[in-house]
Each structure stands twice: as C-alpha cells, then as structure tokens.
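So you know, we letter chains A, B, ... as the sequences are listed, proteins then strands, and number each from 1. Computation of the quantities below employed the complete heavy-atom set of this structure, encompassing side-chain atoms and omitting hydrogens, waters and symmetry-equivalent molecules.
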Amino acid sequence: MDPERQGNCMDSSGSAVVTRFAPSPTGYLHVGGARTALYSWLFARKQGGRFLLRIEDTDQKRNTEEAAAAIFEGLRWLDLGWDAEPVYQSQRLDIYNEYFRKLIDAGRAYECFVTPAELEAYRAQAREQKRDFIYKREWARITDAQRQKFIDEGRQPVLRLAMPEQAITVDDRVFGQVTTAAEQLEDFVIRKSDGFPTYHMAVVIDDALMGVTHVIRGQEHLGNTPKHIALQDALGLSRPTYAHLPILLNPDGSKISKRQDNPEMWSKGFPPVRVGDYQRRGYLPEALVNFLALLGWNPGDGRELMTRDELIAAFGPDRIVQSNARFNLEKLDWMNQQYIQGSPPDVLVRRLREFLAGTDYAAARADDAQLAALAPLYRQRARTLAEFAETSGFFFADAVELDPKAVEKVLLADDGAGLAELKRVRDLIASADPFEAVPMEEAFKAHCESLGLKLGKVAQPIRVAISGGTVSPPIFDTLVAIGREKSLARIDAAIEKATHWNDAPAAKDASLPQNAPGDVGP
RNA sequence: GGCCCCGUCGUCUAGCCAGGUCUAGGACACCAGGUUUUCAUCCUGGUAACUCGGGUUCAAAUCCCGACGGGGUCACCA
C-alpha cells in the first residue's frame with residue numbers, strides 16, 4: 001500500500017538497516033503493537049533503512065484480508081508508512097517446506113506422533129509431581145513399523161526441532177545477555193500437523209529472507225528468542241540484532257487486553273486497546289505517537305514534546321527502558337491538548353472535520369468557516385477533539401436549553417439583578433458597531449465603569465442566555481461567532497423565560513412526585 | 001510452581017554502566033497563590049520517591065548477595 005519513497009538507504013553498502021512489524025491479523029491495531037511498530041519505524045528512519053510489514057497468518061481461519069486491512073489503517077492513521085508490499089506468511093508455504101526438507105535431511109528435525117491430548121496428559125502428570133515437562137527427544141526414535149501403525153491410525157505428525165544440548169545466550173540491545181540453560185530448551189514444534197509452520201519457524205525464515213537486520217518486538221518474545229537462535233543455527237540463516245521492549249501496562253499494573261475494551265473500563269482510566277478508539281475519542285495521531293514514543297524510551301535531555309523529525313533524530317535502542325510502563329491517560333490528554341494548541345488553524349479544522357464526520361455531535365453540522373471561527377476559541381479549552389465537540393454544541397443548537405441552576409444563580413439571584421442587567425445590555429449588543437469582539441468589549445467596559453460594575457456581572461448573564469450555562473469561551477468572541485441576530489434572539493428568549501421562571505410552576509410540579517430522597521445533585 | 005525480566009515521587013522518567021558534585025532533577029496529576037468576563041490557558045510556589053535487609057567502600061540511588069514485590073513465559077497461538 002502506497003509505499004513511501006525510500007529513505008537514503010539505496011546508496012549504502014549491504015549493511016542498511018531493515019526493521020519490520022509483524023502482527024497477526026487480529027482485526028485491529030493494538031496500542032502496544034502500535035508502539036512496537038513506532039519504535040521499529042523510528043529506528044529504520046533514523047538509520048536511513050527500511051521498515052517492512054509482515055502478516056503472521058499461519059494459524060487463522062479468520063478473515064486475514066479484512067483483519068490485516070484494519071491494521072494497515074491504524075498504521076496509516078499514525079502515519080507510519082512502510083517500504084514495500086506486506087508479506088503474508090500464508091502465501092509462503094512452499095518456502096517453508098523447502099526449509100523443512102533441509103532440516104529433515106540434515107537430521108535436525110524429526111516427526112512426532114504424540115497427540116495434543118497425550119501431551120496434555122504428560123504435562124498434567126508433570127504438574128502433579130511438581131516437575132517441568134520439557135519435551136526432549138522422548139518420541140523421536142520410532143521404528144518403521146510403529147510409524148506405519150500411527151499413520152494407519154490416522155495420526156498426523158508434527159515436526160520438531162532436535163535441540164542441541166547447550167545453553168543459548170540472547171544478546172539483546174535492551175536487556176543485555178540473557179542465557180537459557182540447555183535443560184530449559186525443548187524440542188519445540190516447527191511444523192504443525194496441518195502442515196503449516198509454527199510462528200517460530202516462519203518468523204526465523206521470513207526475517208532472514210526479508211533481510212531484517214533488527215528485530216524490535218515485545219518482551220513477551222524474549223523467552224522465544226533462544227528457539228529462534230537455535231533455528232537460525234540449524235538452518236544456517238542470519239541472525240538479526242534483537243531489541244525487546246518492556247510491556248505496556250494498565251494503570252493498575254495489569255496487562256492491556258481486549259477484554260477491557262469498553263467504555264466502562266475507559267471511565268476507570270483504562271486506556272483503549274485499539275488504536276482506532278483513540279481516533280474516535282478525539283486524539284491526534286501525532287500526540288499518540290509522541291506519547292507512545294515516551295513510554296519506554298526518552299531522549300535523555302528532558303524533552304517531551306517532540307516533533308516526528310525530532311523523535312527520529314533522537315531515537316536509539318540504547319535509551320529504551322527495561323522496566324514495564326503503565327499507561328497514563330491523563331498525560332496523553334495533556335499532550336493531546338498541547339498538540340491541539342499547537343496545530344495551525346487549518347490543520348485543526350481539517351482534524352475536526354475528520355473527527356466529526358459521521359458523528360451526531362451538533363458540531364458535525366458546522367461548515368468549515370464555522371469550525372475555523374471556533375477553533376481559536378477552543379484550542380485552549382479542549383484536551384481532545386471530542387471535548388471540543390461536546391462543549392461547543394450550543395453554537396449550533398437551534399434553541400439553547402437553559403440550565404436551571406445557571407438561571408437561578410446568575411439571572412434570578414439578588415432579586416433578579418442579573419436579569420435586569422441582561423435587559424439593560426441587550427441594546428448594547430443590538431447597537432454594537434462594528435459587531436466585533438474588541439470594540440464590544442470596550443463598550444461594555446465603559447458601560448460597567450459608569451455603573452460601578454465588574455465586567456463579570458454583565459458577562460455571566462449574557463453567557464447564560466447565549467450558551468445556556470455558565471461556561472463558554474470569552475463572551476464577546478462567542479457573541480461574534482454566533483452572530484448578532486441569533487445572539488439577540490437567544491437573549492430575548494432567555495429574558496422571556498427567566499421573567500416567567502417562577503410563574504405557574506404548578507403545572508410542572510403537580511405531575512411529578514416530590515423530590516425523592518437521595519436526589520442527585522450536580 | 002519452574003525459568004526469565006524488572007523494581008527512583010501516585011504515573012512516565014533522568015541519574016546507575018565509569019560510587020562522592022543527589023539535602024535525587026524534569027514531566028503529568030494534585031495542592032496553594034497570581035493574571036482573568038466564566039471555563040480554560042498562562043505564570044509562580046509547594047507536597048511527593050531511591051522496595052526492604054545485609055555486604056564492599058572513607059563514601060552507594062549507583063557495585064555484590066538475599067528477601068519481598070511486579071511482570072513475562074511455560075501450546076500443533078502468534
């Protein structure tokens with residue numbers, strides 16, 4: 001998909017860096033995967049190398065194509081471009097078979113007829129005896145007669161790698177040297193009974209064939225790496241440099257999982273699992289990228305808000321942290337706001353447009369000119385695009401809904417002082433010329449001074465009339481954005497309603513039971 | 001449970017490898033004050049951490065050992 005123009009890696013020797021992101025097609029881009037992809041991408045860009053994609057679909061009966069498309073979409077949203085067509089493992093069976101052949105011919109792999117049920121029984125037994133069940137060569141040697149018998153029974157063998165009896169050390173760029181003792185290494189399955197390679201087999205072959213020089217992946221794979229090294233040795237394939245990343249955790253230290261992926265958990269501060277949900281919740285991709293980059297890595301000089309180019313320039317595996325990181329949504333919110341504040345107006349409008357498309361926010365009805373008028377008013381006030389949409393709704397409403405609490409506090413309190421003031425300044429608005437924020441503010445300040453009032457005494461009643469509540473952007477900017485006619489109409493409506501606020505409440509109240517105990521406050 | 005990894009403010013982290021300059025720095029959040037027409041922004045200040053116990057050393061957040069805590073992994077899933 002729209003491969004980016006390649007970096008300056010074409011001219012160099014054969015040592016150009018190649019990284020890859022290799023998700024299994026789950027149907028969405030996992031936020032942890034996004035960070036892995038980001039680090040791989042940053043490293044490739046920093047080194048002038050290439051960043052590749054591979055879909056690990058050696059298992060699935062699910063819809064690979066659709067599921068992979070969702071992942072591509074997530075990567076595109078984050079603007080993490082890749083440098084060649086993605087590789088699909090399910091289309092490479094011939095290649096894997098070739099390597100299976102080699103292994104068998106070299107005596108490095110053998111058929112195993114033990115069934116999953118039998119294995120499970122052995123494992124259960126081992127657990128009971130508080131032993132490890134580490135599959136060595138137990139069922140490697142069978143006679144031809146036995147083999148024939150198994151086949152006649154309909155058993156489909158798997159292929160296992162004959163592990164050499166020696167410890168294996170991973171030289172990891174993040175965790176250093178990690179050694180696994182020989183006794184811990186088992187003869188793992190490399191070909192499933194359906195003929196497909198296991199993850200271990202496919203990953204080693206594909207990384208080698210794709211020329212991957214640096215494997216950047218989650219720490220959950222650190223324990224698999226000795227297997228991969230053993231396979232590389234057996235196959236005579238090249239060994240990439242490994243860099244394992246610490247795990248991304250929930251605020252409570254638990255692992256981020258799809259099971260928490262719902263609004264209830266979000267309200268408890270759990271981060272969305274799917275990158276698409278960050279988009280839907282009004283985060284800017286550059287903010288997410290910046291935030292993710294800093295979860296487990298830092299430039300070492302205290303910088304936090306960094307452009308993509310700055311991230312690329314500063315990135316390196318040496319400063320990747322070794323401990324797991326908890327996802328702190330509040331900091332993402334802050335960072336997102338920084339990006340909203342820093343976005344050029346036209347970019348912000350475009351982002352709002354994209355965000356609002358297809359939603360039922362009142363703001364979705366706004367045209368670009370209206371959004372452009374509002375953007376400067378909300379860039380200081382919205383941490384996410386969703387907050388913008390939620391708090392700016394009154395601009396687009398046909399009629400404002402007056403918040404009773406606001407009416408009572410601002411308009412009716414003190415014998416209707418606010419209401420009286422609202423009536424008095426109505427004409428100031430009606431006659432404002434030009435109808436612009438600065439001159440209007442001047443006029444109002446003069447008005448207030450002559451009466452010995454603070455501006456707030458005047459601004460709040462207007463705000464309630466215009467927005468329905470006590471919170472809005474600066475009132476004169478708000479009036480201008482809404483327009484003179486609409487503003488006056490809202491003020492008149494508010495005056496009317498407030499004047500009769502306590503008239504005939506019986507009609508309303510009679511039909512309702514008296515306040516139940518435990519009525520909720522604001 | 002076995003094996004592996006990790007352990008500095010509530011959170012993300014700097015510092016650790018090359019021990020003193022660390023009365024441990026920054027950021028988010030929080031608290032207080034200031035600016036202000038509301039909210040917010042912005043500015044100033046503040047609370048807050050080296051998991052614990054041994055050892056090495058003149059000196060340890062930094063080196064070593066142990067305990068405890070957290071995480072990962074133990075599939076014919078990736």
(message) Using whole Å, what does the distance between atom C1' of nucleotide B/A78 and atom NE2 of A/His200 come to?
(response)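 Rounded to whole Å, this separation is 8 Å.
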(message) Rounding to an integer number of Å, can you tell me how far A/Phe113 CZ sits from B/C76 P?
(response)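 Those two atoms, CZ and P, are 16 Å apart.
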(message) Suppose we call two aromatic rings close when their centres sit under 6.0 Å apart. Are A/Phe291 and A/Tyr339 close by that rule?
(response)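 Centroid distance A/Phe291-A/Tyr339: not below 6.0 Å, so no.
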(request) Please measure how far the P atom in B/C43 lies from the corresponding atom in B/C28, and state the result in whole Å. (result) 10 Å
(message) Side chain of A/Val321 only, heavy atoms from C-beta on: which candidate in B/U13, B/A78, B/U38 is closest?
(response)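 The listed nucleotide nearest to A/Val321's side chain is B/U13.
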(request) Using both distances under 3.5 Å as the test, list the Watson-Crick or G-U wobble partner of B/C17, or none. (result)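 Looking at the geometry, B/C17 pairs with no nucleotide.
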(request) Tell me, please, whether A/Trp334 has A/Arg383 positioned over its six-membered ring: NZ or CZ under 6.0 Å from the ring centre and within 45 degrees of its axis? (result) no
(message) Using a heavy-atom cut-off of 4.0 Å across all strands, would you classify A/Phe476 as base, sugar-phosphate, or nothing?
(response) base
(message) Please report the distance separating the P of B/G69 from the corresponding atom of B/A29, rounded so that it comes out in whole Å.
(response)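 Going atom to atom, P in each nucleotide, I get 33 Å.
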(request) Verify the distance criterion only: is there a donor paired with an acceptor across the side chains of A/Arg326 and A/Ser254 at less than 3.5 Å? (result) no
(message) Between the base of B/A78 and the side chain of A/Asn224, is there a donor and acceptor pair under 3.5 angstrom?
(response) yes
(request) Counting heavy atoms from C-beta on, name the nucleotide in B/A78, B/G71, B/C5 closest to the side chain of A/Asp59. (result)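 The listed nucleotide nearest to A/Asp59's side chain is B/A78.
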(message) Please tell me if A/Arg160 has a side-chain N or O lying less than 4.0 Å from either OP1 or OP2 of B/C76.
(response) yes
(message) Between B/G33 and B/G72, how many Å separate the two P atoms, rounded to a whole number?
(response) 43 Å
(request) Figure out the CD/P separation between A/Gln338 and B/C12, and round it to whole Å. (result)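 A/Gln338 atom CD is separated from B/C12 atom P by 20 Å.
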(request) Can you figure out which of B/G71, B/C12, B/A40 approaches the side chain of A/Gln380 most closely? (result) B/A40
(message) Check this one for me: any side-chain N or O of A/Lys192 less than 4.0 Å away from OP1 or OP2 of B/C77?
(response) yes
(message) Would you say the ring centers of A/Phe315 and A/Trp297 fall short of 6.0 Å from each other?
(response)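 Yes: the rings meet the under 6.0 Å criterion.
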(request) Specify whether A/Phe188 and A/His200 have parallel, tilted or perpendicular ring planes, treating 30° as the upper limit for parallel and 60° as the lower limit for perpendicular. (result)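 Correct class here is perpendicular.
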(request) Taking only the side-chain nitrogens and oxygens of A/Thr179, find out if one of them lies under 4.0 Å from OP1 or OP2 of B/C4. (result)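 Answer no for this pair, as no side-chain N or O of A/Thr179 is under 4.0 Å from OP1 or OP2.
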(message) Closest approach to the side chain of A/Arg123, judged atom by atom: which nucleotide of B/G71, B/A29, B/A75 is it?
(response) B/A75
(request) Counting heavy atoms from C-beta on, name the nucleotide in B/C28, B/A78, B/U37 closest to the side chain of A/Ile475. (result)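 Closest nucleotide among those given: B/U37.
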(message) Need one value for A/Pro23: base, sugar-phosphate or nothing, where a base atom within 4.0 Å counts as base even if backbone is also close, heavy atoms only.
(response)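 Answer is nothing: A/Pro23 stays at 4.0 Å or more from every strand.
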(request) Would you indicate which nucleotide in B/G15, B/C76, B/C39 comes nearest to any side-chain atom of A/Val471? (result) B/C39
(request) Can you tell me the distance, in whole Å, between the CG atom of A/Leu231 and the P atom of B/A78? (result) 14 Å
(message) By nearest atom, which of the nucleotides B/U41, B/A29, B/U38 is closest to the A/Trp334 side chain?
(response) B/A29
(request) Would you classify A/Val114 as touching base, sugar-phosphate or nothing, given that sugar-phosphate means primed atoms plus P, OP1 and OP2, and contacts are heavy atoms under 4.0 Å? (result)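 Base contact.
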(request) Give one of base, sugar-phosphate or nothing for A/Gly300, where a contact means two heavy atoms less than 4.0 Å apart. (result)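 Touches nothing.
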(message) Students often get this wrong, so: under 4.0 angstrom with heavy atoms, is A/Lys454 touching a base, only sugar-phosphate, or nothing?
(response)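 No contact at all - A/Lys454 keeps every heavy atom at 4.0 Å or more from the nucleic acid.
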(request) Would you mind telling me which residue lines up with the more 5' stretch of RNA chain B, A/Gln341 or A/Thr470, judged by nearest nucleotide? (result)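 First, find each residue's nearest nucleotide; the 5'-ward one identifies A/Thr470.
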(message) Taking the basic N atoms (NZ, or NE/NH1/NH2) and the acidic carboxylate oxygens, is any pair closer than 4.0 Å for A/Arg54 and A/Asp207?
(response) yes
(request) State which of B/C5, B/G7, B/C76 makes the closest approach to the side chain of A/Phe175. (result)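 Shortest atom-to-atom distance from the side chain points to B/C5.
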(message) Taking the six-membered ring for Trp, are A/His228 and A/Tyr199 closer than 6.0 Å centroid to centroid?
(response) yes
(request) Assess whether one donor atom and one acceptor atom, taken from the side chain of A/Ser193 and the base of B/C76, lie less than 3.5 Å apart. (result)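 Donor-acceptor pair under 3.5 Å: yes.
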(message) Classify A/Gly456 by what it touches in the nucleic acid, base, sugar-phosphate, or nothing, heavy-atom distance under 4.0 Å.
(response) sugar-phosphate
(request) Give the rounded distance in Å between these two atoms: CD of A/Glu186 and P of B/C3. (result) 16 Å
(message) Regarding A/Arg54, tell me which of base, sugar-phosphate or nothing describes its non-hydrogen contacts under 4.0 Å with the strands shown.
(response)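 The answer is nothing, as A/Arg54 stays clear of every strand by at least 4.0 Å.
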(message) Against the six-membered ring of A/Tyr135, is A/Arg160 placed for a cation-pi contact (under 6.0 Å from the centre, within 45° of the normal)?
(response)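 Cation-pi check for A/Arg160 and A/Tyr135: passes.
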(request) Report yes if a donor N or O on one partner sits less than 3.5 Å from an acceptor N or O on the other, where the partners are the side chain of A/Arg326 and the base of B/C12; otherwise report no. (result) no
(request) Report the base-pairing partner of B/G2 (Watson-Crick or G-U wobble, both distances below 3.5 angstrom), or none. (result) B/U73
(request) Write down the distance separating the C1' atoms in B/C9 and B/A48, rounded off to the nearest Å. (result)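 It comes out at 5 Å once rounded to the nearest Å.
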(message) Quiz question: going by heavy-atom distance under 3.5 Å, is there a donor-acceptor pair between the base of B/A29 and the side chain of A/Lys331?
(response) no
(request) Could you check how far CD of A/Gln184 sits from P of B/C74, rounded to whole Å? (result)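 In whole Å, B/C74 P lies 13 Å from A/Gln184 CD.
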(message) Can you work out whether A/Tyr199 or A/Arg381 has the more 5'-proximal nearest nucleotide on RNA chain B?
(response)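 Final value for this comparison: A/Arg381.
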(request) Searching all strands shown, indicate the nucleotide that pairs with B/A40 (Watson-Crick or G-U wobble; both distances under 3.5 Å). (result)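 None - no nucleotide pairs with B/A40, as no candidate has both distances under 3.5 Å.
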(message) When both hydrogen-bonding distances must be under 3.5 Å and the geometry is Watson-Crick or G-U wobble, what is B/A48 paired with, if anything?
(response) none
(request) Scan A/Ile134 against the nucleic acid and name what it touches under 4.0 Å (heavy atoms): base, sugar-phosphate only, or nothing. (result) nothing
(request) Without swapping roles, check the side chain of A/Arg173 against the backbone of A/Ile320 for a donor-acceptor pair under 3.5 Å. (result) no
(request) Assign the ring pair A/Phe72 / A/Tyr88 to parallel, tilted or perpendicular, where the plane angle (0 to 90°) is split at 30° and 60°. (result) perpendicular
(request) Send over the distance from A/Leu332 CG to B/A27 P, rounded to a whole Å. (result) 19 Å
(request) Mind checking A/Val178 for me? I need base, sugar-phosphate or nothing, with any heavy atom below 4.0 Å counting as a touch. (result)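 Contact class for A/Val178: sugar-phosphate only.
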(message) Under 3.5 Å for both donor-acceptor distances, Watson-Crick or wobble: does B/C28 have a partner, and if so which one?
(response)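 Base-paired to B/G10.
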(request) Take atom C1' in B/C64 and the same atom in B/U56, then report the distance between them in whole Å. (result) 7 Å
(request) Could you work out the separation of B/C6 and B/C12 based on their C1' atoms and round it to a whole Å? (result) 16 Å
(request) Take the protein atom CG of A/Leu295 and the nucleotide atom C1' of B/U11, then report the distance between them rounded to whole Å. (result)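 Rounding to the nearest Å, CG of A/Leu295 and C1' of B/U11 are 10 Å apart.
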(request) Looking only at side-chain atoms of A/Asn328, point me to the closest of B/C6, B/G10, B/U41. (result) B/G10
(request) Return the nearest nucleotide to the side chain of A/His221; candidates are B/C5, B/A78, B/U37. (result)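 Of B/C5, B/A78, B/U37, B/A78 is nearest to the side chain of A/His221.
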(request) Determine the Euclidean distance between corresponding P atoms of B/A49 and B/U37; express it in Å to zero decimal places. (result)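 Straight-line distance between the two P atoms is 39 Å.
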(request) Identify whether any heavy atom of A/Ser467 sits under 4.0 Å from a base atom; if not, whether one sits that close to sugar-phosphate; answer base, sugar-phosphate or nothing. (result) nothing
(request) Spell out yes or no: do the side chain of A/Arg463 and the base of B/U37 have one donor N/O and one acceptor N/O closer than 3.5 Å? (result) yes
(request) Provide the distance between the two P atoms, one in B/C50 and one in B/A24, to the nearest whole Å. (result)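 The answer is 11 Å between these two P atoms.
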